[in-house]
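Atom set for the values below is all heavy atoms of this structure, side chains included, hydrogens, waters and symmetry mates excluded.
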Amino acid sequence: MNAIENTPLARKLMAFVALSAGELAVLERLHQRRRTFAAGRDLVHQGQPEQAAYILSEGWVCSYKIQPDGARQIVDFQIPGDFLGLRSVLLHTSDHSIEPIMQVQAAEVLADDLITAFADTPRLAMAILWAASRDEAMVVEHLVGLGRRDADERMAHFLLELGARLELVGMGNKAEYDCPLTQYHLADALGLSAVHVNRVLRQLREDGLVTFRTGKVVFDNYDRLVALAEFDPAYLDQARPFLK
């Protein structure tokens, strides 16, 4: 079971529940239909019916909606260990599109797979529900950021949240993490122009708080950045397992 225990999804779910050998075996079965997707080609299209869900194993994707005028709003970024399109399994049509930022690997999960897994392992079902609830909590924080935080606070909070999410799955820490996002991704996610994103990142760097360049985020002064963003990671709910 060591291989499945070390997958990003298992690492994340075990922040909520200590998974048994049987539950890990079910989780391993959910990873069986592995697929590779190229950067820039949507896995899921907004309005697409009867879509499978995916477990992201490698790479980053973004979830977005296109407005009638063609403008794009990125709703969130998904990292390894995240479910993609989970709502689309239950809704008649997908309410957003999902695009790989780079080449990604993901396991396809059909509705019947989830129903069987939930019936056989209720604690695993609770853990996946926890992960979905955590995603919803992040969307709430993003709405607060767009509506009430100024640009530097919004950027700082976003970079800190990404760092905490990556740390949970063993891909980052409070010093630094790799990040493939461009300033255009940040602009579409944070409600800023690319020019404004560049200005904010430069100011944060000059203030000695955080440096974001060449695909890496480096926290130059983590505590001061937390203070600027008033970042409280309690909404991420990843301090310790809730269920034993």
In terms of hydrophobic clustering (I, L, V, M, F, W, Y; side-chain heavy atoms under 4.5 Å; direct or indirect links), are [X] and [Y] co-clustered?
X      : Y      : value
Leu146 : Val144 : no
Val75  : Phe83  : no
Leu181 : Val139 : no
Leu27  : Met14  : yes
Leu159 : Tyr235 : yes

Is any side-chain heavy atom of [X] less than 4.5 Å from a side-chain heavy atom of [Y]?
X      : Y      : value
Arg72  : Gln67  : no
Met171 : Ile79  : no
Gln32  : Glu108 : no
Glu5   : Leu24  : yes
Leu162 : Val217 : no
Gln183 : Leu201 : yes
Thr36  : Val104 : no
Thr116 : Asp120 : yes

Report yes or no: do [X] and [Y] form a side-chain donor-acceptor pair below 3.5 Å?
X      : Y      : answer
Asp82  : Tyr54  : no
Glu23  : Ser20  : yes
Ser193 : His196 : no
His157 : Glu230 : no
Gln78  : Ser63  : yes
Tyr177 : Glu167 : no

key: Stepwise side chain to side chain contact (heavy atoms under 4.5 Å, CB included) test for Glu99 and Val61   = CA-CA 5 Å; Glu99 176 188 321; Val61 307; over 6 Å; no
Donor-acceptor contact below 3.5 Å, side chain [X] vs main chain [Y]:
X      : Y      : answer
Gln203 : Val200 : no
Arg134 : Leu236 : yes
Arg154 : Arg149 : yes
Thr7   : Ile4   : yes
Asn173 : Glu176 : yes
Gln73  : Asp188 : yes
Asp207 : Leu209 : no
Thr182 : Tyr184 : yes

Under a 4.0 Å N-O cut-off, is there an ion pair linking [X] with [Y]?
X      : Y      : answer
Lys216 : Asp178 : yes
Asp220 : Arg205 : no
Arg165 : Asp76  : yes

Between [atom1] on residue [X] and [atom2] on residue [Y], distance to nearest 0.5 Å:
X      : Y      : atom1 : atom2 : result
Leu56  : Phe37  : CG    : CZ    : 10.0 Å
Glu153 : Leu204 : CD    : CG    : 10.5 Å
Ile55  : Gln105 : CD1   : CD    : 13.5 Å
Arg123 : Trp130 : CZ    : CH2   : 14.0 Å
Leu124 : Leu30  : CG    : CG    : 7.0 Å
Ile128 : Leu86  : CD1   : CG    : 7.5 Å

task = Just do the side chain to side chain contact (heavy atoms under 4.5 Å, CB included) check on Leu160 and Tyr222 with the steps written out, would you?
result = CA-CA 9 Å; Leu160 288 164; Tyr222 186 86; 3.5 Å; yes
For a quick test of reading the model, state the closest non-hydrogen atom pair linking [X] to [Y] and the distance between them.
X      : Y      : answer
Asp152 : Leu228 : OD2-CD1, 4.0 Å
Ser57  : His31  : OG-CD2, 4.2 Å
Ala52  : Leu110 : CB-CD2, 3.8 Å
Val169 : Pro8   : CG1-O, 3.5 Å
Arg41  : Pro100 : O-CD, 3.0 Å
Val197 : Met155 : CG1-CE, 3.9 Å

request  = I would like to know whether Arg33 and Asp113 meet salt bridge (Lys or Arg N to Asp or Glu O under 4.0 Å); could you show each step before the answer?
outcome  = CA-CA 11 Å; Arg33 295 188 188 88; Asp113 299 332; 2.4 Å; yes
key: Phe158 and Phe77 aromatic centres sub-6.0 Å   =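 Ring centres of Phe77 and Phe158 closer than 6.0 Å.
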task = List the steps and the verdict of side chain to side chain contact (heavy atoms under 4.5 Å, CB included) for Val210 and Val218.
result = CA-CA 6 Å; Val210 62; Val218 177; 6.0 Å; no
request  = Report the C-alpha distance between Leu186 and Leu192 in whole Å, list the side-chain angles of each, state the deciding distance to 0.1 Å, and finish with yes or no for side chain to side chain contact (heavy atoms under 4.5 Å, CB included).
outcome  = CA-CA 8 Å; Leu186 297 178; Leu192 304 170; over 6 Å; no
request  = Check the surroundings of atom NZ in Lys65: do more than 12 heavy atoms from other residues, nucleotides or ligands lie under 6.0 Å from it?
outcome  =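 Yes, the 6.0 Å shell around NZ holds more than 12 heavy atoms from other groups.
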request  = Tell me, yes or no, whether the heavy-atom count around Glu206 atom CD, taken from other residues, nucleotides or ligands under 6.0 Å, exceeds 12.
outcome  =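 Atom CD in Glu206 is crowded, with more than 12 foreign heavy atoms closer than 6.0 Å.
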